[in-house]
Asker: 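Dropping the structure in here first, questions after.
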Amino acid sequence: MYTSIVELTDAATSRSLTIGAAVREQEALDSGESQDALNRKMQERLAVMRDAVGRGLAGVRSRSGLTGGDARRMAEARRTAGAPMLIGGEPLGSAIAYALAVAEVNAGMGRIVAAPTAGSCGILPGVLLSVGEIRGIGDSELVDALFAAGGVGAVIARSSTLAGAAGGCQAECGAAAAMAAAAAVQIAGGTPEQCTNAVALAFKGLLGLVCDPVAGLVEVPCIKRNATSVAVALAAADMALAGIRSVIPADEVIQAMGAIGRELPVSLRETAIGGLAATPTGKRIATEINACDDQAECHAQKG
Amino acid sequence: MPGSGGGLNGPMRLARALSCEAICRIIGRLSEKLRVAGMADVRHRAAIELAAMEGQADVNGVFDIIGPIMVGPSSSHTAGAVRLGLAGRAIVGGQPSRADLTLHGSFAQTYRGHGTDVALIAGILGMRPDDERIPGSFRVACEQGMEFSFAGADLGDVHPNSVLMDLTGPNGLRTTVGGSSVGGGNILITRIDRFDVDFAGTSHALIASYRDQPGVIAKITSLLATEDVNIATMRVSREGRRARALAIIELDQPVSREARALITRISGIETVIALPPVVSA
């Protein structure tokens, strides 16, 4: 397993591999599994991501009843002729719809792939599947790109954190956007060096993002933060493809994310105490959702 | 697979990342365990424990990042809860006829929105974290004749995501299992009946209850050695001298049915449970 982005990029560049191929090779060495077996495992994850997009676009509700149906709304807006035109165009429109879809399926207790976490599970499929569709990319390249994203995520996990409780939302949605930006650059034909810049550029756009879930649930603002994070990932990918470089190297950005996370107050690290959770609306929702008397309610649910 | 990595070069790498204070704490804790277990080679064991801890703190592969495949919405409140249920089921040796669950802290406050309740029951019924039947686990429990109840309570100074499971096992005996979901779907089992325990369910484990007397642990470990099963970590606790005692031994390999039967026949042994890993990518 690679311990830094620069080590990963050098390994890929020096041997004319994609980042994804370098990550898969290393994974095969570490795990003792064949590259074919690893590809099949990743293909299964790609299939779960696709299923989740399909289910979310059809419309799901969360278990609490607080969220759902927005993926469908976004998808319909993209299709409806004569309605106010969406400004962002493609693949942004579909990326937003897919990210919402997967995040809504997650909130509805459907099956998803944590990437890197359940709370940020919409960003990677949102970016990868929308860019893949518009460019006509085959599954084997999408699988390669998932390895690239996984390699980037593993470096982030090793050198700082991927947990909202430890680092805030930047550690979840920020990391997911950095991973997705690298994956997008790879399938668009960018170099490993450009992937690295995409990681840094995307992460920088989300540094400092706090984790402030209303009522402690993975719904508000998590679902829509998945959608806005795909825009950051796509912007970073396009900048990297244009040859724009991050002044601060990716590994240092990742270190900074960890340091910022440690300085965040506990109220903004997944405790549902501060931020949006502490707004009048956030507090009202929390009261309504958690109003039931545990014991009475649960006995009533029995059977 | 979390916790399965490591190797003896692990401690060197970890030592750079951990403060001296943290290392002293680990070794202190370990010395205590070893004192209880009556073992001598602290430094060697410390190396093994450090390697095991690195496995827990670490990501072991790309599928820990792109994965796990799971039913949402929360790795800690849903996937971790399923695994706690699975661990409880394994500890009582099969499907309980009755499960009375007490939720603590964040588990008690946010269980409905996160589906922590259905996730716990799903795990007790033997479902894995990616099983799409999880949201409907209450109905499955009814169909299979498993009764259950939930209550909220303050369990004291424990992790915010904790549950106490009072399980009536297939043998009709009641066992209390306490555990916490500690993040990213990882769990810790912290209590079995009156014993404080501490294991993550990432590896195979052997739980042996016995009457405290000299030589029991030595006999178990030598049996494991002849079976070529390697011990990763070990913890022994007892209610008092010559009273009921519990050994939790985490292993690198599963224990064969034959070896388990031999261990059961050791003088003083009351029950032996072989636990498969409940946490894997």
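In what follows, chains carry the letters A, B, and so on, assigned in the order in which the sequence lines appear, proteins first and then strands, with residues in each chain numbered from 1.
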Asker: Kindly compute the distance separating CE (B:Met70) from CG (A:Asn106), expressed to the nearest 0.5 Å.
Answerer: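 Result: 6.0 Å between the selected atoms.
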Asker: Return the minimal non-hydrogen interatomic distance between A:Leu146 and B:Ile66, and the atom names on each side.
Answerer: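 The answer is O-CG1, 3.7 Å.
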Asker: Would you check, one step at a time, whether the test side-chain contact (heavy atoms from CB on, under 4.5 Å) holds for B:Asp130 with A:Val48?
Answerer: CA-CA 10 Å; B:Asp130 68 342; A:Val48 172; over 6 Å; no
Asker: Most heavy-atom pairs under 4.5 angstrom with chain B, which of A:Ala114, A:Ser64, A:Ala175, A:Pro116?
Answerer: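 That would be A:Ala114.
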Asker: Looking at A:Arg111 and B:Glu132, would you say the former's side chain and the latter's main chain have a donor-acceptor pair under 3.5 Å?
Answerer: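 No; zero donor-acceptor contacts below 3.5 Å.
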Asker: When heavy-atom pairs shorter than 4.5 Å are enumerated against chain A, which of B:Ser106, B:Gly67, B:Ala79 gives the highest number?
Answerer: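 Winner by heavy-atom pair count: B:Gly67.
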Asker: For the residue pair A:Met1 and B:Val62, what are the closest heavy atoms and their distance?
Answerer: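 Heavy atoms only, the tightest pair is CE-N, 4.0 Å.
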Asker: Given a strict heavy-atom distance threshold of 4.5 Å, which part of A:Met49 is in contact with chain B: side chain, backbone, both, or neither?
Answerer: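 The answer is the side chain of A:Met49.
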Asker: Taking every non-hydrogen pair under 4.5 Å, which of B:Ile121, B:Thr78, B:Leu103, B:Thr110 racks up the most with chain A?
Answerer: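 With the most close heavy-atom pairs to chain A, the winner is B:Thr110.
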Asker: Give the minimum heavy-atom separation between B:Gly113 and A:Leu217, together with the two atoms involved.
Answerer: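 What the structure gives for the nearest pair is CA-CD2, 3.5 Å.
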Asker: CZ of A:Arg61: more than 12 outside heavy atoms within 6.0 angstrom?
Answerer: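 Yes.
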Asker: Against chain B, label A:Ala163 side chain, backbone, both or neither, depending on which of its atoms sit under 4.5 Å from a heavy atom there.
Answerer: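 Neither part; nothing is under 4.5 Å.
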Asker: Please evaluate residues A:Val218 and B:His77 with respect to the criterion side-chain contact (heavy atoms from CB on, under 4.5 Å), reporting the C-alpha separation (whole Å), side-chain torsions for both, the decisive distance (0.1 Å), and the verdict.
Answerer: CA-CA 10 Å; A:Val218 192; B:His77 287 68; over 6 Å; no
Asker: Quick one: of A:Leu38, A:Ile156, A:Thr3, A:Val23, who has the most non-hydrogen atom pairs under 4.5 Å with chain B?
Answerer: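 Looking at each option in turn, the highest pair count goes to A:Leu38.
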Asker: Please round to the nearest 0.5 Å and tell me the distance separating atom CD1 of B:Ile69 and atom CG of A:Asp51.
Answerer: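 The CG atom of A:Asp51 is 10.0 Å from CD1 of B:Ile69, to the nearest 0.5 Å.
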Asker: Nearest heavy-atom pair of A:Ala118 and B:Pro73: which atoms, and what distance?
Answerer: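 Heavy atoms of A:Ala118 and B:Pro73 come nearest at CB-O, 3.5 Å.
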Asker: What residue in B:Ala119, B:Ser75, B:Gly115 has the most heavy-atom pairs under 4.5 Å with chain A?
Answerer: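 Highest number of pairs under 4.5 Å: B:Gly115.
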Asker: State, with a plain yes or no, whether a side-chain heavy atom of B:Val118 is found less than 4.5 Å away from one of A:Arg63.
Answerer: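 Yes - at least one pair of side-chain heavy atoms lies under 4.5 Å apart.
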